[in-house]
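Written below as structure tokens is the structure these notes are about.
Per chain, numbering begins at 1; letters A, B, ... match sequence-line order. On a predicted model such as this, the values are computed, not experimentally measured, just so you know. Atoms considered below: every heavy atom in the structure, side chains included; atoms not considered: hydrogens, waters and symmetry mates.
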Number of protein chains: 2
Amino acid sequence: MKNDLPPDDFDLTDFLPYLLNQAAEECSLAFQKHYKDRYGMLRTEWRVLFHLGRFGTLTAQEISARSKMHKTKISRAITKLEHRRWLKRDTDAKDRRRELLQLTPSGQKVYHDLVQVAHDHQLELLGQFKMTDAKALQNMLKRLGRLK
Amino acid sequence: MKNDLPPDDFDLTDFLPYLLNQAAEECSLAFQKHYKDRYGMLRTEWRVLFHLGRFGTLTAQEISARSKMHKTKISRAITKLEHRRWLKRDTDAKDRRRELLQLTPSGQKVYHDLVQVAHDHQLELLGQFKMTDAKALQNMLKRLGRLK
DNA sequence: GCTTGTTAGTTACAAATGCAACAGTTAGCG
DNA sequence: CGCTAACTGTTGCATTTGTAACTAACAAGC
């Protein structure tokens, strides 16, 4: 006979999606302050900027695949970043549906500035753990996010 | 002289808020399917239901403090859950600003059903890790979310 | 008692979001 | 070629969300 109640050792307070959301909110909000205050950016825009800064030239579709963000979110973020002249778009000559996106020099400046902040922020977040635990955490998160 | 570029060993792909968001999205979306398909609930409503099911009687304010969700989100979720007769509210006689919320019997049924699903989902998520690593992950996430 | 300040919860309005439908381009295949 | 199917990116619309203002209730000090 199937046991249709969860075992006693299951506590929703330990539920992984819940813990992940709490932690993600806490950590992201703290960092959001920086790109919001300095550059008036939204989280979506920061993420697009970050992908282009990290990976170079990408299409919207590729950003969507990597970040798992909805393509309309990305489309709108790109428009905003373009208006601020932080990225430029060029139609791919080989496939004119695709638009090759890359940061302008001033976009790269913003990126490098924020990477520095991100780095400091990260040190603070991970500083509370042992180095090996921190590495293990990163690896487990990558697997959960299907990033590897 | 201060080094104003992040060291070479810092890669934004390892950035904790990014990893947390990816993992949280991936894990939450998979679980969302269940409460959405079965009960047409939104994530906010599921979270309120889950807090009441887990902790018994709470006020909106207490749910907000525990979950870190914005109080307007909670207020709206409560209204919806009330309309479905999954929770009832009673004004606190000692402080008539506060409303004591608790699940109705049918609300508890929904809760128990979803806890079962959550339990199975969790087993699947954590099954890929060694037990000790899984525990360590949960503890680190709690600390990052300032839950302990 | 009265006034001021604080708290619980709701609501109006504006902003962000997701979905579905769309235009434009390419690919496959007869 | 000519047709259909698939893909990239955008837009219109309805839903969800956050901010700020609001009501109602309490609390502290006079």
Side-chain angles (χ1 to χ4, degrees), chain A residues 21 24-26 28-30 32-33 35-37 39-49 51-52 55 57-84 87-102, chain B residues 21 24-26 28-30 32-33 35-37 39-49 51-52 55 57-84 87-102:
Chain A
N21 270 298
E25 272 311 298
E26 186 73 30
S28 295
L29 284 181
Q32 173 176 24
K33 234 190 94 48
Y35 54 74
K36 200 174 176 186
D37 289 356
Y39 301 107
M41 254 188 284
L42 299 176
R43 200 191 300 198
T44 318
E45 292 156 43
W46 151 244
R47 290 213 201 153
V48 169
L49 186 96
H51 276 87
L52 291 173
F55 297 109
T57 303
L58 294 172
T59 66
Q61 151 61 23
E62 286 162 346
I63 297 176
S64 174
R66 281 183 186 277
S67 68
K68 296 191 180 66
M69 288 192 286
H70 197 275
K71 62 178 180 172
T72 59
K73 260 170 119 170
I74 294 171
S75 171
R76 284 156 178 152
I78 290 171
T79 303
K80 285 201 188 171
L81 293 174
E82 191 185 24
H83 283 149
R84 297 187 185 192
L87 73 74
K88 73 176 167 51
R89 58 217 301 175
D90 293 295
T91 306
D92 183 352
K94 296 186 189 95
D95 181 344
R96 297 189 359 259
R97 289 171 301 187
R98 292 154 46 89
E99 302 204 313
L100 305 174
L101 309 167
Q102 59 181 344
Chain B
N21 270 299
E25 271 312 296
E26 186 73 31
S28 295
L29 283 181
Q32 174 176 24
K33 235 190 93 50
Y35 53 76
K36 201 174 177 185
D37 289 356
Y39 301 107
M41 254 188 284
L42 299 176
R43 201 190 297 194
T44 318
E45 292 156 42
W46 151 244
R47 291 215 202 150
V48 169
L49 186 96
H51 276 87
L52 291 173
F55 298 109
T57 303
L58 292 174
T59 65
Q61 153 60 23
E62 286 162 346
I63 297 176
S64 173
R66 282 183 186 277
S67 68
K68 296 192 181 64
M69 288 190 286
H70 198 274
K71 61 179 181 171
T72 60
K73 262 170 119 171
I74 294 172
S75 171
R76 283 154 180 153
I78 289 170
T79 303
K80 285 200 186 169
L81 293 173
E82 190 185 22
H83 283 149
R84 297 186 185 195
L87 73 74
K88 74 175 165 51
R89 59 216 301 176
D90 293 295
T91 307
D92 183 351
K94 296 185 191 97
D95 181 345
R96 300 196 347 266
R97 289 171 303 186
R98 292 155 45 91
E99 302 204 312
L100 306 173
L101 309 167
Q102 58 182 345

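We find that CD1 of B:Ile63 is positioned 13 Å from P of C:dA8, with the value rounded to whole Å. Nucleotide C:dA8 holds its C1' atom 12 Å from the CD1 atom of B:Ile74, rounded to whole Å. In this structure, B:Arg98 places its CZ atom 12 Å from C1' of D:dA25, rounding to the nearest Å. In this structure, B:Arg47 atom CZ and D:dT16 atom P are separated by 15 Å, rounded to whole Å. One can place CG of B:Asp92 at 10 Å from P of C:dG9, the figure rounded to the nearest angstrom. Across the protein-nucleic acid pair, B:His70 atom NE2 and C:dT10 atom P stand 13 Å apart, rounded to whole Å. Residue A:Lys73 contributes atom NZ, which lies 15 Å from atom P of D:dT16 at whole-angstrom precision. Rounded to an integer number of Å, the gap from A:Glu82 CD to D:dG9 P is 13 Å.
The base of D:dG12 sits within donor-acceptor range of the side chain of A:Arg76, with an N or O pair under 3.5 Å.
Remark: B:Ser75 is not in phosphate contact with C:dT11, judged by side-chain N or O atoms under 4.0 Å from OP1 or OP2. Between A:Arg96 and the phosphate of C:dT26, there is a side-chain N or O to OP1/OP2 separation shorter than 4.0 Å. Between A:Thr59 and D:dT8 there is no side-chain polar atom (N or O) within less than 4.0 angstrom of OP1 or OP2. The shortest distance between the side-chain N/O atoms of A:Thr72 and the OP1/OP2 oxygens of C:dG18 is not below 4.0 Å. Of the side-chain N and O atoms in B:Lys80, one or more sit less than 4.0 angstrom from OP1 or OP2 of D:dT16. Taking 4.0 angstrom as the limit, B:Arg97 places none of its side-chain polar atoms (N or O) nearer than this to OP1 or OP2 of C:dG9.
When heavy atoms are screened at a 4.0 angstrom cut-off, A:Lys71 is found touching base atoms of the nucleic acid. Heavy atoms of A:Thr79 sit nowhere under 4.0 angstrom from any nucleic acid atom. Note on A:Arg89: only backbone sugar-phosphate atoms sit closer than 4.0 angstrom, heavy atoms only; bases stay farther off. In this structure, A:Leu42 reaches the sugar-phosphate backbone alone: every heavy-atom distance under 4.0 Å involves primed, P, OP1 or OP2 atoms, never a base.
Once rounded to the nearest 0.5 Å, the distance linking CD1 of A:Ile63 with CZ of A:Arg47 reads 12.5 Å. Separation of atoms OG1 (B:Thr57) and CG (B:Leu87) is listed at 11.0 Å; rounding is to 0.5 Å.
Classification of B:Asp95 and B:Arg97 as a salt-bridged pair holds, one side-chain N sitting under 4.0 Å from a carboxylate O. Under the 4.0 Å criterion applied to side-chain N and carboxylate O atoms, B:Arg89 and B:Glu99 are assigned as salt-bridge partners. By the 4.0 Å N-to-carboxylate-O rule, A:Glu45 lies close enough to A:Lys80 to be salt-bridged with it.
Of the listed nucleotides (C:dG18, C:dG9, C:dT25), C:dG9 has the atom at the smallest distance from the side chain of B:Glu99. Checking D:dT17, D:dT10, D:dC26 against the side-chain heavy atoms of B:Asp95 singles out D:dC26 as nearest.
Taking the nucleotide of DNA chain C with the nearest heavy atom to each of B:Leu101 and B:Lys36, the more 5' of the two is matched to B:Leu101. In terms of position on DNA chain D, the residue among B:Glu45 and A:Ala60 whose nearest nucleotide sits closer to the 5' end is A:Ala60.
Put simply, the side chain of A:Thr59 never gets that close to the backbone of A:Leu100: no donor and acceptor are under 3.5 Å apart.
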